[in-house]
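In what follows, a structure is listed as structure tokens, so that the remarks can point back to it.
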Amino acid sequence: MAQVSVSEDGSVLTLEQAGKATRFHAVWLRDNALDPETRAVGNGQRLITMADIPGDIRVEAASVAGDTVTCRFAPEGKEAVFPLDWLNAHAYDTAPEVLLVPDGIETWDAGLPVPVGDFATLQTSEPALRDWLAAVARFGFAKVTGLPAESGALFQLVDLFGYVRETNYGRHFEVRAEVNPTNLAYTGLGLQAHTDNPYRDPVPTLQILSCIENSCAGGDSMVVDGFRAAERLRDEMPDGFELLSQHCARFDYQGEVGVHLSSRRPMIELSPDGQLQQIRFNSRSAAPITDVPFEKMADYYVAYRRFAEIIDDLDMAVEFKLQPGEAFIVDNTRVMHSRRAFSGAGHRWLQGCYADKDGLLSKLSTLETTA
Ligand code: FE2
């Protein structure tokens, strides 16, 4: 049986259940009241602002009835009812253990089997689509087979979960060898594992690459988990991890007329409480680093070198060759992609586009809720 008590000054409510006490602040409870004057019925959005909550807000009475807690707030005289389940689900009275890798993410190296979905199945089966999107959320990449091997097919893939993000490269871009390329991606050169477009802020959070032709020798695709690389760096060189996460790098692109993109962000970005948020790694577009103090620059480069070595380590890479009618998607905030060099004999034609991860996660969340 749950019981509640209120501190003498009314600033804290304590909920006791099965011998465990959970505290809530009066101001927090008032801010999160669930009644229709505080939260809009329908869209659930908050109707009040901080200015609507008195600075001397306190709980003047509280009681438990069944599976709800009722609070009366002073000086408003307002009553609010909270289901116990809701309070338990939103409790904050134990210091959370903040792990380096966010919940729901599994880091990997070369041993990971490639998550794959069949396009026709993804189009017709919500459970199959849910599982494939869940793999993208968990592992940061996945492959698709059975796409039409034709121009524009990648948009059909994006239609499964969200929207294309258009950039100066267009709604989509062609990845094949070009004369006078505006980007080294459009050559036969091998590319080091990288995240795309770190010079944008925000970066494109998803990239899709679909294969229309691939009869060249080489040109295999590789993906590397940047979060695993960051974990390794932290284990091997904690001071180096600190340097790459606490100081900004700079990235820059002005490869075509009328475009100058630049950003100032760390290679390893952490949340304020130390959780991995994003990796930016792309030597082609790294600009001179000027935000590291002189005394730390040599050590910064030692860390940068070690991070690059970890990323180049083939034990980190999952490798596959895209066949016509296949595509892959990467979480560009985490997973790096690369390709081996390819020869001039035969044809290699990929198309790429960007999309937004929040839309993909939104689709996944709704599919999980309706499951
Ligand atoms: Fe790329």
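One-based numbering, in listed order, for ligands and for the atoms of each.
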Student check: side-chain heavy atoms of V4 and T14 closer than 4.5 Å =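 No, every pair of side-chain atoms sits at 4.5 Å or beyond.
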request  = Please indicate whether Q3 has more than 12 foreign heavy atoms, meaning atoms of other residues, nucleotides or ligands, lying under 6.0 Å from its CD.
outcome  =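 Atom CD in Q3 is not crowded, with 12 or fewer foreign heavy atoms closer than 6.0 Å.
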inquiry  = A cation-pi test, strictly: NZ or CZ of R171 under 6.0 Å from the centre of the six-membered ring of F155 and no more than 45 degrees from its axis. Yes or no?
reply    =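 Because its charged atom sits under 6.0 Å from the ring centre and within 45° of the axis, R171 does stack over F155.
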request  = Assess R348 against F342: is NZ or CZ under 6.0 Å from the centre of the six-membered ring, and within 45 degrees of the ring's axis?
outcome  =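 Pair R348/F342 counts as cation-pi.
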For the Fe ion (ligand 1), find the closest N/O/S atom on [X] and give its atom name.
{"X": "H194", "result": "NE2"}
{"X": "H337", "result": "NE2"}
{"X": "D196", "result": "OD1"}

